[in-house]
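Just so you know, these numbers come straight off a predicted model, no measurement behind them.
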Amino acid sequence: MEIELKNLLDIFKATDESSLFKTKSEGKQTRYTMTGTKPKLVEMTAEQCKKLCEKAGIEYLDGYEYRIFEGLTTDETPDRYGDIVRYTGADFKNYLKNPVVMLSHEHSNFPIGNSVKIWKDDALKGVKSWDLLLDNRVDDSGRSDLAFKFRKSGIMPGISIGFMVNSAKTDHSADERKKLGLGKWGVEILSFDYLEHSVVSIPANPEALTNMLKAIDNGMLRSIFSKEDLFSIEKLKFISEDSLNIFEDFVIKTPTIIIPSIDTKTIDEIVRQVTENTTKCVIESVNIFTKKIDEVLAQVQTLVASIPPSTASGAERNAPEEGMYASDFLKDFQIKTNL
């Protein structure tokens, strides 16, 4: 929905329509690109990542290959100001000297990452970038790592570009505006110096954030964010207090575990089955044990029989009958267990 004229005048600090067109056609500008899809992590090897980092003038650290997102930074869809930014007019010459990724255009703060590759995508009619978001080894404030986690979870899908307008067209006819999709006070930005792009858009509206979180798997959120992250989010004022409370419910809320009710009769049956199975196992073990005893006794009797009579009389008198001890043991066990 196009913003009303009075709001546009406030945003661009213009006094009337004429000054609005002039302001939107020159100087530094920012434009927001919203994507409805979860940001995509780029699959690459450590060696490929090292080469990209080297080319971009960045020191490679172990694991960086798992922290690079592919994102659409701008395209030719009319923005909420009613303007169209022509991707073909992007000039990366100055940007490539310092290809930083910012957080919400906070130019007074440190970057949260770097673009290791940026190009014009003719199929999408837009600019795409591979953005490496730093971790706590480089940015110990936690900002960069939180941005990485919010982007990975899909909560922060948007990107906004900062640029300097070089040329723009404002004198479109009503028919041309309708055909292009330009707003009533929209301009067509034909060429511009690409200065930077920022990761943006955690919904400030609590209802919008809730709806977004409902569409994301809670298990995935808990696998990405820790309780320590919640303290960092609050400390850095990464999101509003209301949004943090909503976010906290989704991240640390323990899922309800439903234990089915079991009546007394069911418990008695379970106990009976366990007792019966256990008793069977014990009897089977005893049978195996007694068989082994009988085998040993038979070997003893064979050994005794081989001893000469002059030395065997005492041993023969004390030799047990085959299976005597084992049979008595089993019989006694069956009596005691009522089997």
Side-chain angles (χ1 to χ4, degrees), residues 1-40 69-96 99 101-102 104-105 107 115 117-131 156-201 203-205 208:
M1 181 180 294
E2 189 177 351
I3 299 176
E4 293 181 1
L5 176 59
K6 63 178 182 178
N7 293 328
L8 286 172
L9 294 175
D10 289 338
I11 292 170
F12 288 93
K13 296 179 173 54
T15 56
D16 53 29
E17 291 184 36
S18 177
S19 62
L20 175 62
F21 280 121
K22 179 176 173 58
T23 304
K24 292 173 77 175
S25 303
E26 60 186 25
K28 290 184 179 180
Q29 307 278 337
T30 60
R31 291 295 185 273
Y32 171 68
T33 302
M34 179 63 185
T35 174
T37 59
K38 181 180 174 182
K40 172 188 172 185
F69 290 102
E70 179 176 297
L72 179 69
T73 69
T74 187
D75 63 9
E76 296 191 350
T77 304
D79 60 31
R80 65 195 188 106
Y81 301 143
D83 303 330
I84 292 176
V85 178
R86 295 299 181 195
Y87 81 101
T88 51
D91 185 349
F92 302 128
K93 183 174 67 175
N94 289 324
Y95 177 66
L96 292 175
V101 177
M102 306 299 292
S104 300
H105 299 294
H107 298 127
S115 172
K117 181 181 177 182
I118 190 166
W119 72 99
K120 297 174 184 178
D121 190 309
D122 294 331
L124 293 177
K125 292 188 176 181
V127 174
K128 297 189 80 173
S129 176
W130 282 0
D131 296 338
M156 189 184 278
I159 294 181
S160 177
I161 64 168
F163 59 95
M164 180 77 74
V165 179
N166 290 329
S167 64
K169 179 177 172 59
T170 62
D171 56 347
H172 301 82
S173 66
D175 287 342
E176 285 177 322
R177 289 184 176 279
K178 184 176 180 180
K179 183 178 180 180
L180 293 173
L182 274 174
K184 185 176 180 180
W185 300 283
V187 302
E188 186 179 5
I189 298 169
L190 303 175
S191 64
F192 57 95
D193 280 339
Y194 196 104
L195 302 179
E196 55 90 6
H197 59 261
S198 291
V199 173
V200 293
S201 184
N205 181 289

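Applying the side chain to side chain donor-acceptor pair (under 3.5 Å) criterion to Ser191, with sequence neighbours excluded, gives Ser167. For Ser160, the side chain to side chain donor-acceptor pair (under 3.5 Å) partners are His105, not counting sequence neighbours. With sequence neighbours left out, Glu17 forms a salt bridge (Lys or Arg N to Asp or Glu O under 4.0 Å) with no residue at all. Residues satisfying the side chain to side chain donor-acceptor pair (under 3.5 Å) test with Lys169, not counting sequence neighbours, are Asp171. In this view, Tyr87 satisfies the ring-ring contact (aromatic ring centres under 6.0 Å, His included) rule with no residue, not counting sequence neighbours. Thr15 is linked by a side chain to side chain donor-acceptor pair (under 3.5 Å) to Ser19, counting only residues two or more places apart in sequence or in another chain. By the ring-ring contact (aromatic ring centres under 6.0 Å, His included) test, Phe69 is found to be paired with Phe148, residues two or more places apart in sequence or in another chain being considered. Remark: Lys22 engages Glu26 in a salt bridge (Lys or Arg N to Asp or Glu O under 4.0 Å) (not counting sequence neighbours). By the salt bridge (Lys or Arg N to Asp or Glu O under 4.0 Å) test, Glu176 is found to be paired with no residue, residues two or more places apart in sequence or in another chain being considered.
Residue pairs meeting the salt bridge (Lys or Arg N to Asp or Glu O under 4.0 Å) criterion with at least one member in residues 83-95, sequence neighbours excluded: Lys24-Asp83, Arg31-Asp83, Glu76-Arg86, Arg86-Glu188.
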**Study point:** Trace of the side chain to side chain contact (heavy atoms under 4.5 Å, CB included) decision for Asp75 with Leu124
**Key:** CA-CA 7 Å; Asp75 63 9; Leu124 293 177; over 6 Å; no
**Study point:** Derivation of the side-chain hydrogen bond (donor to acceptor under 3.5 Å, both in side chains) call for Ser18 and Asp16
**Key:** CA-CA 6 Å; Ser18 177; Asp16 53 29; 4.7 Å; no
Point to revise | CA sep, side-chain torsions, deciding dist, call: Ser129, Ser115, side-chain hydrogen bond (donor to acceptor under 3.5 Å, both in side chains) | key: CA-CA 6 Å; Ser129 176; Ser115 172; 2.8 Å; yes
Practice item. Go through His197 and Val127 one step at a time and tell me if the side chain to side chain contact (heavy atoms under 4.5 Å, CB included) criterion holds. Key: CA-CA 11 Å; His197 59 261; Val127 174; over 6 Å; no
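In this structure, Ile159 and Thr73 approach most closely via the heavy-atom pair CG2-CA, 3.8 Å. Taking both residues in full, the closest heavy atoms of Gly82 and Leu182 are given as O-CD2, 3.4 Å, listed atom of the first, atom of the second, then distance. In plain terms, the two heavy atoms of Val200 and Ser104 that are nearest each other are CG1-CA, 3.6 Å. Heavy atoms only, all atoms of each residue included: Phe21 and Gly186 are closest at CE2-O, 3.7 Å.
Under the 4.5 Å side-chain criterion, counting only non-hydrogen atoms from C-beta, Trp130 is in contact with Trp119. Side-chain contact between Ile118 and Leu96: present, with at least one pair of heavy atoms (C-beta onward) separated by less than 4.5 Å. Proximity of Ile189 to Phe163: side-chain heavy atoms (C-beta onward) are separated by under 4.5 Å at one or more points. Asp193 places a side-chain heavy atom less than 4.5 Å from the side chain of Asn166.
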